[in-house]
Structure formats: C-alpha cells, structure tokens
Amino acid sequence: MMVKPARRHAMLALIVVSLLGCSTVDNSNYIDQASQAQAKTSQQLIEQLLATKNTQGVPSQSLARLTDLINVPELQTFISAALQNNPSLQQSVVALNMAYAQHGITSASRLPSVDASFSGTSTEDSEDSYTTDITVSWELDLWQKIADSSNAALKDIASTQASLQSAQDLVVANVMRSWLSISLKQQLVAIETQRLAVLDNNQALILARYRVGLGSLEDLDNATTSVASTQATLVDYQEQLAQSKRDLTLLTGQWTGNDLAVNIAAAFPTVLNPISSLGQQNLSHRPDIKTAFYNIEAESLRTDAAYKAMLPSISLSASLSDMAQSPSDALLTGPLWSVLGQLSAPLFQGGKLTSQAELARLTTEQRYWVYQETLLNAVNEVENTVGQEYSLAKQQQHLTDAQLSAQRSFVSYEQKYRQGLVDIFDLLTVQQQTFDVEAQLVTTIYNRLINRIDLGLALGLGVSHEA
C-alpha cells in the first residue's frame, strides 16, 4: 500500500515533535525545581534566623563585600597582592580562559567552513598536472542542535566564572584569617612572656627564702620546673608566630626571603558581625550554588543536543576547482563550480545515539542532585556559623568574668605566700590558672572573629570584581 506524501510528512513531523518533547520536558523540570528549591530554602532560612530572639539587638550594618568585615588599610594591601599573585587563584583564571576557548571551538560549528587545497602530479611519459580546489561547506542548524551545544559552553563559562569568584573569596578569607592568627600568636607570646616573668620572680623569691631556711628544696624544684615548662611553651608560640607570618606571605604569592614588611598590631582588629546583614543576603549569591546551577543548565542543553542528534541534518557545500599543466594556469583561471545539498539521517548505529542521549539525561539529573547537596550544605554552614556566633559570645563573657576573678585571686595568693599563709603549690596553681584563663579568653575571641569570616562566606559575601 502506498503512503501518501502528506501522510509521510505528518508522520515525520510527529516523530520530530516527540523527540524534541523528550529532550526538553525533564530538563526544564530540573532547572525549575532547582530554582524553586533555592528560593524557598533561602527565604525560609533567612526568616527563621531573623525571627529568633538571638538576632535582636544586633546593630544594623551595611555589608556588601567580604572585605567590609575588617577595615585595616595594611590588610587591604595584602589582599590586593594575593588577588593578583596567588598561584592557586591564577590557576582558576587560566581555567576561565580555557572555558572561553572551548566556547570558541563549539561556536565555530555554527559558521561555514572554507577549505583550500593545491596539489601537483608528475607521472612518467605524461604531462604534469596541477589541481586547485576551494570548498565551502555549512551544516544548517535546523533543530538548533549546534546552538544548544554553543549555549552549553556559555553556561560552562558562567560556571567557571562562579568558581573563580569562589576561589577569590577563599583567598581573601584566608588572608584575613592569617592576619588574625598573627594577632593571636602575638598575644599568646605576650601572655607567656608575662607568665615567665612572674615565675622568674617566684623562683628568685623561693631561692632567697631557701637560703635563709624558710623554704624547702621541693619548692625550689617546683618553681624551676614551671619556669622551664613556660620557656618551652614560649619558644613554641614564637615559632607558631613566625609560621603564621610565613603563611600570610605565601598567600600573596610573593616570597622575598625577608621578614613580614608590615607590623601587625597585637590587639585584634574590629570584625563586623555579618548577622546584621541577614535581611539583605540571599544564598543565590554564593558562588558554589551558582556553579552548581549553571552546571544543571549546561547539561540540560547538552541533553537537548544529544536528542537532536537523532534527527535528520541538512548540509550544503559549494566548490571551485581547476586543473592545468602549470601552477599558474591552475589558480582558478577557468574554474568549474559545483553545489551539493545533502540530507542525512541516522538509521541504525547500534543504539549509540540513544545511549548518548540517556547518558546526557542522567548527567543532568546527577547535576541536579549535586545542586541539592550544595544547597543543603550552604544552609548547614549558615546555621552552624550563626549558632557559633552566639555560643562563642557567651563563652567570651564567661571567660571575661573568670579572668577578673582569677586576677583578684592571683593578687591575694601572692600576698598570702609572702606572709607564709599558703604553700608554693597553691601559689603556682593560682598563677597558672590566671594565665591559662587569659590565653583561653584570647583564643575564644580569635575563634569568634574567625567564625564571623566563615559566616560572611556562608551568607555569600564575596569580593568585588574590581578588587
């Protein structure tokens, strides 16, 4: 039975529509679901944090960038150097340039290609012949398959740009952490130096009392042990301080072999609280979430292209050719032209194209679940860092109270020991407790300031592109 042309055209159109439908419905759902999940989760999280009583009383501050947290001119100089010279960051810059180059390769398929050739043949007992040929070929992007691949490459560029932004944010955060670490180590060195001075005075006092018969050899041994132990701790802190300075220099990507060229104050700089900017923040600003979302869009476009590879393709080619016995005569002096139009469609490839399309669809689904994981991790980071802010604030207050009590006890026990009312063990215990509480307080303040930097990253505070 003969099939009418109109019916054949209708059947072909139905097949094409079915294939195109399979290639777009599921993928658009992944994109829409990811976008809706991010908006809903972000809104619920911010509303929940703003509704808690812990956010009450926090002064409102305008924080648009990560560098707004700490306003120290010398620190900004290190940040600028790190953004320009940090090796790991420069690798991300190269990766972005590679993504641009890959897009250029993909986009080239949308344009006609021109090939030229020139050949010569020399055969015994016959005249030489020379051939020139110029061919122009172009595949019509009838189903937008090539356009989908090109747009997918654009999404790869956007994803790589977000990854570069994430690398920039991390480098800046590490510079700020190193700056605070140097301040911490300087304060710990100062505390141990004070502890050592007090213990040296104790040792001299005990030695003087021992010489006049008012003390024991055990008292002198205990004092000497405390002095030696503190000296070892002080040496350790001094080396940690030197390492922190070297770490800061390493982040700038410039090694000079000299000591750090800037004096960093021992006191901690002011680090603003990002909680004050909760109302203006959105998790969509986070580079890792941007990267994950762009990856879904890129794979969705590649899936569309994979399904469209099953459809017929139309290509056109035109050529000019000339043949002569000399090279000059063969340079298109009397060329022959030809035009070819070709319609081709894959009929049987052993299921290769179907498997490629299914693999692309599964890759899109995988990217969707990666996005979901990234979003959940982002929410968890925000909740943890917000909780840590209030926990460390309470710890800091308790340790401040403990330090005041320890200082009063320190003065009291020192006077009682001089009067012979307490022994050396009691005095050393109180003295050690006083300095231990002071070191613990300094470390807690440091952890709180570091947590604020982590909170800024969790909320999506980044570095401006001009930095």
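In this chain, residues are counted from 1 in sequence order.
- Neither side chain, Gln395 nor Arg448, offers a donor N or O lying under 3.5 Å from an acceptor on the other.
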Q: Might you work through the side chain to side chain donor-acceptor pair (under 3.5 Å) test for Gln161 and Tyr100, ending with a clear yes or no?
A: CA-CA 10 Å; Gln161 286 176 331; Tyr100 276 109; 2.9 Å; yes

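- Of the charged side-chain nitrogens involved, none lies within less than 4.0 Å of a carboxylate oxygen, so that Lys155 and Asp148 do not count as a salt-bridged pair.
- A side-chain donor-acceptor contact under 3.5 Å links Gln240 and Asp236.
- Here OG1 of Thr400 is found 6.0 Å from CD1 of Ile445. Values are rounded to the nearest 0.5 Å.
- Between Thr41 and Val379, the shortest heavy-atom distance links the atoms CG2-CG2, 3.3 Å.
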Q. Given the rule in the side chain to side chain contact (heavy atoms under 4.5 Å, CB included) test, do Tyr446 and Val442 qualify, once you have shown the distances and angles that lead to the verdict?
A. CA-CA 6 Å; Tyr446 165 78; Val442 169; 5.6 Å; no

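- Of the possible polar contacts, none joining the Gln388 side chain to the Asn447 backbone as a donor-acceptor pair under 3.5 Å is found.
- With sequence neighbours excluded, the residues forming a salt bridge (Lys or Arg N to Asp or Glu O under 4.0 Å) with Arg246 are Glu239, listed by chain and number.
- In terms of modelled atom types and a separation under 3.5 Å, the side chain of Ser183 and the main chain of Phe268 share no donor-acceptor contact.
- Using modelled atom types, one side-chain atom of Ser355 and one backbone atom of Gly351 make a donor-acceptor pair closer than 3.5 Å.
- For Ser300 and Thr364, the side-chain atoms include no donor-acceptor pair closer than 3.5 Å.
- The closest side-chain donor-acceptor pair between Thr106 and Ser149, if any, does not fall under 3.5 angstrom.
- Remark: Gln366 CD to Arg361 CZ distance equals 12.0 Å, nearest 0.5 Å.
- Considering all non-hydrogen atoms of both residues, Ile182 and Leu241 come closest at O-CD1, 3.7 Å.
- We find the NZ-NZ distance between Lys245 and Lys185 to be 11.5 Å, quoted to the nearest 0.5 Å.
- Side chain to side chain, Thr135 and Asp133 meet the donor-acceptor criterion of an N or O pair below 3.5 Å.
- Taking a cutoff of 4.0 Å between a charged side-chain nitrogen and a carboxylate oxygen, Arg286 and Glu381 qualify as a salt bridge.
- Across all non-hydrogen atoms, the minimal contact from Val171 to Ala82 is CG1-CB, 3.7 Å.
- The backbone N or O of Gly104 lies less than 3.5 Å from no partner atom in the side chain of Ser107, so there is not a single donor-acceptor pair.
- For the atom pair Ser284 OG and Leu375 CG, the distance stands at 10.5 Å (nearest 0.5 Å).
- Environment of CG in Asn85: crowded, with over 12 heavy atoms of neighbouring residues, nucleotides or ligands closer than 6.0 Å.
- A donor-acceptor contact under 3.5 angstrom links the side chains of Gln165 and Asp169, judged on distance only.
- Listed by chain and residue number, nothing satisfies the salt bridge (Lys or Arg N to Asp or Glu O under 4.0 Å) test with Glu373 (two or more places apart in sequence, or in another chain).
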Q: Step by step, work out the side chain to side chain donor-acceptor pair (under 3.5 Å) result for Asp401 and Gln397.
A: CA-CA 6 Å; Asp401 296 339; Gln397 182 59 51; 3.3 Å; yes

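- When each of Asp115, Val339, Val114 is tested with Val136 by the rule side-chain contact (heavy atoms from CB on, under 4.5 Å), just one qualifies, namely Val114.
- Ser159 and Asn295 form a side-chain donor-acceptor contact under 3.5 Å, judged by distance and modelled atom types alone.
- When all heavy atoms of Ile264 and Gln186 are compared, the closest pair comes out as O-NE2, 2.9 Å.
- Atom CD of Gln231 and atom OG of Ser226 lie 11.0 Å apart (nearest 0.5 Å).
- Between the OH atom of Tyr237 and the OG1 atom of Thr230 there is a distance of 10.5 Å, given to the nearest 0.5 Å.
- When only modelled atom types and interatomic distance are considered, Gln243 and Asp247 share no side-chain donor-acceptor pair under 3.5 Å.
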